[in-house]
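Pasting a structure below so you can have a look.
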Amino acid sequence: MPKKNSLMRQLNQQFFQKDAIEVAKALLGKIISYNSCSGMIVEAEAYKADPASHAYRITPRSEIMLKTFGHWYVYFVYGMYYCVNITTNGTKEPGAVLIRALEPLTGIEAMKERRKAYDLKNLCSGPGKLCAALGIDKSLNGTKVDGSMKVLDYKSISQGQIKVSHRIGIKEEKPLPWRFYIRDNIFVSRL
DNA sequence: TATTGGATCGCC
DNA sequence: GCGATCCAATAG
């Protein structure tokens, strides 16, 4: 693990009380730290109450998106992968940001071992991949963002370095431009 | 209770 | 391009 210095402030719940789109952009350049492993967020997507969102209808699974902010929302997909989100938008409207890719920083050997993948570019370049790499599972669902898994300040990303596209794996009539990633970063899931 | 389809990934 | 693999949501 690297030495923590004063620049690596730990983000509190309050940070996530704002809109998912704003949070998604603000998360680029931040670090996720868990299980003695860490990586810089290079790609994230916003979800609110749009038809493609779990919160389009509030169900027992998705109500965390409505009722909380600054909590981890972890769900299981395709029978074999987990995806990790952070809830946003206060407690009156639903919102969450899906973490889609990390640039691996520390605990790289452990992450390679969990993933059985040894190419750095391939280690955390997708929502399912990064959860497998860090060992994230449903036991973290509903925990606070400043609990055992944390988010730390790291690099400042300017607006000009942020690229925007439609969300991946979503079928919708008119794709919303709610995916954000760091320009020229090789660790994103795709260009 | 049964059915269907998915915010994925890796191999064919 | 497609199968793996199982849970969550909906319909009945």
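All values below come from the heavy atoms of this structure, side chains included, with hydrogens, waters and symmetry mates left out. Letters A, B, ... mirror the listed sequences (proteins, then strands); counts begin at 1.
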Would you indicate, yes or no, if B:dG10 has its OP1 or OP2 atom less than 4.0 angstrom from a side-chain nitrogen or oxygen of A:R115?
->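 For A:R115, the contact criterion (side-chain N or O under 4.0 Å from OP1 or OP2 of B:dG10) is met.
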What does A:G128 touch in the nucleic acid at a heavy-atom separation under 4.0 angstrom: a base, only the sugar-phosphate, or nothing?
->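 Sugar-phosphate contact only - A:G128 comes under 4.0 Å of backbone atoms but never of a base.
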Contact boundaries on DNA chain C for chain A, cut-off under 4.0 Å to non-hydrogen atoms |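 So the outermost contacting nucleotides come out as C:dA4 to C:dT10.
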Return the minimal non-hydrogen interatomic distance between A:A44 and A:L28, and the atom names on each side.
->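 Answer, listing the atom of A:A44 first, then A:L28: N-CD2, 4.2 Å.
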With sequence neighbours left out, what residues match A:K18 under salt bridge (charged side-chain N to carboxylate O under 4.0 Å, His left out)?
->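 Testing A:K18 for salt bridge (charged side-chain N to carboxylate O under 4.0 Å, His left out), a comparison that skips the adjacent residues, returns none.
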Could you state whether A:Y47 and A:F180 fall into the same hydrophobic cluster, counting links through intermediate Ile, Leu, Val, Met, Phe, Trp or Tyr residues with side-chain heavy atoms under 4.5 angstrom apart?
->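 Per the 4.5 Å side-chain linkage, A:Y47 and A:F180 are not co-clustered.
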Proximity to DNA chain B (any heavy atom under 4.0 Å), residues of residues 52-62 of chain A only =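 Those residues are A:A52, A:H54.
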Pairs touching residues 182-191 of chain A that satisfy side-chain hydrogen bond (donor to acceptor under 3.5 Å, both in side chains), sequence neighbours left out |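 Qualifying pairs: A:E43-A:S189, A:R100-A:S189, A:E103-A:N185.
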A:I170 to A:A52 - nearest heavy-atom pair and separation =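 Looking at all heavy atoms of both residues, the closest pair is CG2-CB, 3.3 Å.
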Find the distance A:E43:CD to B:dA7:P and express it as a whole number of Å.
->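 So the CD-P distance, A:E43 to B:dA7, works out to 16 Å.
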Using a 3.5 Å limit on both pairing distances, list the dot-bracket string of DNA chain B from the 5' end; Watson-Crick and G-U wobble pairs count, crossing pairs take [ ], interstrand pairs take |.
-> ||||||.||||.
Is the distance from OP1 or OP2 of B:dG5 to the nearest side-chain N or O of A:K171 less than 4.0 Å?
->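 Checking A:K171 against B:dG5: no side-chain N or O falls below 4.0 Å of OP1 or OP2.
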Output side-chain donor-acceptor pairs under 3.5 Å for residues 138-148 of chain A, partner residues at least two apart or in another chain, one line each.
unit_1 : atom_1 : unit_2 : atom_2 : d
A:S139 : OG     : A:D137 : OD1    : 2.6
A:N141 : OD1    : A:V74  : N      : 3.0
A:T143 : OG1    : A:L140 : O      : 2.8

Does the cation-pi check pass for A:R61 over A:Y73, that is, NZ or CZ under 6.0 Å from the six-membered ring centre and within 45° of its axis?
->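 Verdict for A:Y73: no cation-pi partner in A:R61.
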ring centroid sep under 5.5 Å plus plane angle under 30, A:Y78 with B:dT8 =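 Stacking between A:Y78 and B:dT8: present.
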Stacking of A:Y47 on B:dA7 base (centres under 5.5 Å, planes under 30°) =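 Ring-base stacking flag set for A:Y47 and B:dA7.
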Quick one: do A:F15 and A:K30 satisfy side-chain contact (heavy atoms from CB on, under 4.5 Å)? Show the steps, please.
-> CA-CA 12 Å; A:F15 182 89; A:K30 301 286 189 286; 4.2 Å; yes
Nearest-angstrom distance, P atom, B:dA2 to C:dT5 =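 Each nucleotide's P atom is 23 Å from the other's.
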Carboxylate-amine/guanidinium proximity below 4.0 Å for A:D19 and A:K25 |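 A salt bridge is absent here (no side-chain N lies under 4.0 Å from a carboxylate O).
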Using a 4.0 Å heavy-atom cut-off across all strands, classify A:K116 as base, sugar-phosphate, or nothing.
->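 No contact.
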